[in-house]
Amino acid sequence: MAPPRSFLWSRRIFLTLLTGFVMIPVYVMISSSLKPLADVTGTFRWLPTEVTIRPYIDIWSTVPLGRYFVNSLIVAGAATVCSVVIAVFSAYAVSRYTFRGKRVFTVTVLSTQMFPGILFLLPLFLIYVNIGNATGIALFGSRGGLILTYLTFSLPFSIWMLIGYFDSVPRDLDEAALVDGCGPLGALFRVVVPAAIPGIVAVAVYAFMTAWGEVLFASVMTNDTTRTLAVGLQGYSTLHDVYWNQIMAASLVVSIPVVAGFLLLQRYLVAGLTAGAVK
């Protein structure tokens, strides 16, 4: 039975409004990045009176954007790899084995998501400073300290999500691998992990996006050498001027890795987010 015409028109109108709501800010960002600064700070025009790519050239010299880009790639990439590796082992242990404190562990992991991240800012700051004073290991102001900080956010969610996904993988696969001569690690890497690729990809995307766009901890835990992109964009605002066209251009440039990765891994991400929920 075909839906009524009123429903079809209502859906079209709603989708058109939703598309406009999403795409208009993107268009304003793109058009502003192609305007001279005088046009951006003046009266807003939907169509630029002069198109220039100069902001995309100047963004690399106004602030050390290349260094910030490298810092973000290193920190986000390392945090993603660590989150995935630790979450795979932890989730597999919880999903396949029974041990004392299992329920307490899972509840604790899930309960950490109830607290806002700002509550951990001062404790982590004090811990890093004290460790540096006592051992000489520079966690504060270093990439390593920032990676550990991001693990406190991404790892609990990653473990909780992979537990649900591993539970949806039939245990018969593990038993068949054990019968064929594989040990527990062999069953994990040869059977369970290949079957759980969508869930692992979803965890990796979540961990990378969390680390890539985080601002609060990066603004406190870094210095001029280890600053990331999310904080480095503030450098386009000075005491005398705000380079709005360069801010828009830099925002588009730094969003390319996340957008490209999301588009490439979209089918795995959707499968990973839904499979564990329908076991």
Quick one: [atom1] on [X] to [atom2] on [Y], what's the gap to the nearest 0.5 Å?
X: Leu37; Y: Asp241; atom1: CG; atom2: CG; result: 6.5 Å
X: Ile163; Y: Ser168; atom1: CD1; atom2: OG; result: 12.5 Å
X: Arg143; Y: Thr228; atom1: CZ; atom2: OG1; result: 11.0 Å
X: Leu162; Y: Ile86; atom1: CG; atom2: CD1; result: 12.0 Å
X: Arg103; Y: Thr98; atom1: CZ; atom2: OG1; result: 13.0 Å

State, yes or no, whether a side-chain contact exists between [X] and [Y] at a heavy-atom distance under 4.5 Å.
X: Leu252; Y: Tyr56; value: yes
X: Trp244; Y: Tyr236; value: no
X: Ile127; Y: Phe120; value: no
X: Glu214; Y: Thr149; value: no
X: Gln246; Y: Val40; value: no
X: Lys35; Y: Phe44; value: yes
X: Trp60; Y: Val253; value: yes
X: Phe157; Y: Thr210; value: no

Original post:
Would Phe189 and Phe89 count as a close aromatic pair, with their ring centres under 6.0 Å?
Top reply: yes
Original post:
Taking the six-membered ring for Trp, are the ring centroids of Phe105 and Phe99 within less than 6.0 Å of each other?
Top reply: no
Please tell me whether [X] and [Y] are part of a single hydrophobic cluster in this structure, the criterion being side-chain heavy atoms less than 4.5 Å apart.
X: Ile74; Y: Leu148; result: no
X: Leu121; Y: Val231; result: no
X: Leu126; Y: Ile118; result: yes
X: Met23; Y: Ile256; result: no
X: Leu185; Y: Val88; result: yes

Of all heavy-atom pairs between [X] and [Y], which one has the smallest distance, and what is that distance?
X: Ser251; Y: Leu233; result: OG-CD1, 4.1 Å
X: Pro55; Y: Ser33; result: CG-O, 3.3 Å
X: Tyr97; Y: Pro184; result: OH-CB, 3.4 Å
X: Pro123; Y: Leu119; result: CD-O, 3.3 Å
X: Ser142; Y: Gly145; result: OG-N, 3.2 Å
X: Pro25; Y: Val22; result: CD-O, 3.4 Å

**OP:** Check the pair Phe69 / Trp212 against ring pair (Phe, Tyr, Trp, His ring centres under 6.0 Å), numbers first and verdict last.
**Re:** CA-CA 10 Å; Phe69 201 94; Trp212 186 263; 5.7 Å; yes
**OP:** Walk me through it: do Ser83 and Ser154 pass the test side chain to side chain donor-acceptor pair (under 3.5 Å)?
**Re:** CA-CA 7 Å; Ser83 293; Ser154 60; 2.7 Å; yes
For [X], I'd like to know if atom [atom1] has over 12 heavy atoms of other residues, nucleotides or ligands within 6.0 Å.
X: Leu15; atom1: CG; answer: yes
X: Arg190; atom1: CZ; answer: no
X: Arg100; atom1: CZ; answer: no
X: Met29; atom1: CE; answer: yes
X: Ile53; atom1: CD1; answer: no

Original post:
Can any side-chain N or O of Thr135 pair as donor or acceptor with the backbone N or O of Gly132 at less than 3.5 Å?
Top reply: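 Side chain of Thr135 to backbone of Gly132: no pair is present.
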Subject >> Member of Leu65, Ile59, Asp58 meeting the side-chain contact (heavy atoms from CB on, under 4.5 Å) criterion with Thr62 >> reply: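 Result: among Leu65, Ile59, Asp58, Asp58 is the only option passing the side-chain contact (heavy atoms from CB on, under 4.5 Å) with Thr62.
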Subject >> Pair Ser95-Asp167, side chain to side chain donor-acceptor pair (under 3.5 Å): steps then yes or no >> reply: CA-CA 6 Å; Ser95 176; Asp167 286 342; 2.6 Å; yes
